Colleague: 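Sharing a structure here in structure tokens format.
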Amino acid sequence: MVKVLQKDKCKFLLLCIIVSIYGCKQEVEKIEDQMKIETSGYYTEPYRPQFHFSPQEKWMNDPNGLVYNNGNYHLFYQYYPDSTVWGPMHWGHAVSKDLIKWEHKPIALFPDKHGYIFSGSAVMDTANTSGFGTEDNPALVAIFTYHDREGEKAGRKDFQTQGIAYSLDDGNSWTKYEGNPVIGNDGVKDFRDPKVFWNEKEQKWTMLLVAGDHLQIWNSNNLKEWKKVSEFGKDKGAHGGVWECPDLFPLKIEGSNEEKWVLLISINPGAPNGGSGTQYFIGDFDGTTFTTEQTKNKWIDLGRDNYAGVTYNNTPNNERIFIGWMSNWDYARDTPTKKWRSAMTVPRKLTIRKVDDALTLCNYPIKSLNEYVTMAMPEAEMEIHNELKKIIPLKYSNQSKIEFTLNDPNVQMYFSNEAGDTLAIDINGKKKIVELNRGKSGLIDFSDKFTSGTQQMPIPNLPETPVEVLMLLDHSSIELFLNKGQYVMTNQIFPNDYYTALTIVNNTGEVLVIKDFKEHKVARIWD
Ligand code: FRU
């Protein structure tokens, strides 16, 4: 009798296994099918990002003119429509309702007799200070740098000046101001990237401009006539390269009402891991002058591919939303994509956090990304004993959001695939450093500057308590966020095949606990 029962139990178990394998297989087939549907047609070239912005074709660099108006987030960008390498710059244009799904618009600004259209910003001139619009139909005004290539070739120093253009139909068509340039050049070689914002305190427009090794602050009543009011930075911050793409804005310290001002300055070269990078200063702005007591150089992102990032003007609820160009001038022209070149980072919300008395600028994906996150594959809590490893099969890589919590911020992990590629990330809370090595992550030999050793990110104030890890993978990029954006690394990768496993190695001497591991699929935004 007992034997018969056991036999039945065995049969039942076998049946369960068959059913669950079949179920699993069906589930996998379903997912594979969905992947297939989503990889046919438009925006499906190898390495094409599926939930990050990239141009339909040709060359793109910096984000420009980030401004919100009437339910639309505008994204203008440095664009060269005739080639996949940098050339005469235009402003490309796209709009979005939620900053994730983008609609392409016609090119906004073309080069003219004053030169190429370099980076800059855009404002809504709601009070019609410029007179370009009316109070009922105020102008969207773009402020940019003119780069006179001929002047540069002729060896002159005054080849960069500032110009403006306006649109009365929410960015669809543009008119250049006939009085351009609005700021001339008296011999400063790198004089560019105007960021304009409404200065509440002075009740004026304020423009930030970089001039080689420092920042200049200018004010205006009408966006046409400008006066320089202060300078900052000749003796502050990193100076391994030219200062570019400034931004300045107030932010509250998380959990308090105290407000500080944040200054972003991109520099190229001179970033800690080589090439281009974006430093930040936290300080005060009295309406005219920026000051800081910060003595250490600080960086918004210690990966190699987050450059020229700036924030949105005019957002609802005054949220500070940042977008960076996901590349590096060290190899931007050489990356192995054919139809287009480069993408933007995922839009990130900026906050200031006080940790052990240090103020840190945190950046973390905006909430609306969650609307595109589907089909979580949760795993139960995992315990990994010392000197052991856990191989987690990946289902949606390389189009996924992977998140988990670590009881101890000491862990080595690597992504791998059947082509033998590996992407290694070592979080070492004891030595207070994260190391990322993409030297075997896939295609690397298109430029000797692409890998150049292990990238290092100091994590001096990472708490020893559980740490949240979030990674976004999108075909040719990985964005790593530790502790809700306290420490961030953004990198391009060009794997030979999809990563199919994430291996987690425990060398802590203790049991490593991984909680709430979830691999989500992120939906594709292009249709
Ligand atoms: C930054 C930058 C800017 C310039 C633009 C030219 O990447 O060098 O300083 O305006 O790119 O495309």
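These numbers come from a predicted model, not from an experiment. Atoms within a ligand are numbered from 1 in the order they appear, just like the ligands themselves.
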Colleague: Taking atom CE of M326 and atom CZ of R304, what is their separation to the nearest 0.5 Å?
Modeller: 15.0 Å
Colleague: Taking only heavy atoms of D193 into account, list the atoms of ligand 1 that are under 4.0 Å away from them.
Modeller: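 Going through ligand 1 atom by atom, the ones under 4.0 Å from D193 are 3 (C), 4 (C), 9 (O), 10 (O).
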Colleague: To the nearest 0.1 Å, how far is atom 8 (O) of ligand 1 from its closest protein heavy atom, and which atom is that?
Modeller: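 Protein heavy atom at minimum distance: E244 OE2, 2.9 Å.
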Colleague: Any idea which atoms of ligand 1 are less than 4.0 Å away from a heavy-atom of F118?
Modeller: 4 (C), 6 (C), 10 (O)
Colleague: Between D330 and F450, is there a donor-acceptor pair closer than 3.5 Å when you use the side chain of the first and the backbone of the second?
Modeller: no
Colleague: Within a distance under 4.0 Å of any heavy atom of R192, pick out the atoms of ligand 1 and give their elements.
Modeller: 3 (C), 4 (C), 9 (O), 10 (O)
Colleague: Within the 4.0 Å heavy-atom shell around Q78, which atoms of ligand 1 are there?
Modeller: 5 (C), 6 (C), 12 (O)
Colleague: For atom 2 (C) of ligand 1, what's the nearest protein heavy-atom neighbour? Residue, atom name and distance, please.
Modeller: D62 OD2, 3.4 Å
Colleague: Under 4.0 Å from a heavy atom of M89: which atoms of ligand 1 are those, numbered in the order shown and with their elements?
Modeller: 12 (O)
Colleague: Would F322 and Y312 count as a ring-ring contact (aromatic ring centres under 6.0 Å, His included) here? Give the steps.
Modeller: CA-CA 7 Å; F322 166 98; Y312 269 88; over 10 Å; no
Colleague: May I ask whether T145 has any heavy atom positioned less than 4.0 angstrom from an atom of ligand 1?
Modeller: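 Judged by the 4.0 Å heavy-atom criterion, T145 does not count as contacting ligand 1.
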Colleague: Taking atom types as modelled, is there a side-chain donor on S266 or T278 under 3.5 Å from an acceptor on the other?
Modeller: yes
Colleague: Taking only heavy atoms of Y307 into account, list the atoms of ligand 1 that are under 4.0 Å away from them.
Modeller: 1 (C), 7 (O)
Colleague: If we ignore hydrogens and angles and just use 3.5 Å, is the side chain of R341 paired with the main-chain N or O of R333 as donor and acceptor?
Modeller: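 Between the backbone of R333 and the side chain of R341 there is a qualifying donor-acceptor contact (under 3.5 Å).
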Colleague: So among W91, F53, W325, which one has a ring pair (Phe, Tyr, Trp, His ring centres under 6.0 Å) with Y77?
Modeller: F53
Colleague: N/O of N61 under 3.5 Å from N/O of ligand 1, yes or no?
Modeller: yes
Colleague: Do any heavy atoms of W329 fall under 4.0 Å from ligand 1?
Modeller: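 Yes; W329 lies near enough to ligand 1 that a heavy-atom distance drops under 4.0 Å.
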Colleague: Any atoms of ligand 1 less than 4.0 Å from a non-hydrogen atom of S119? List them with their elements.
Modeller: 5 (C), 10 (O)
Colleague: Would you call D82 and K58 a salt bridge, taking side-chain N to carboxylate O under 4.0 Å as the test?
Modeller: no
Colleague: With rounding to the nearest 0.5 Å, note down the distance linking NZ in K349 to OH in Y364.
Modeller: 12.0 Å
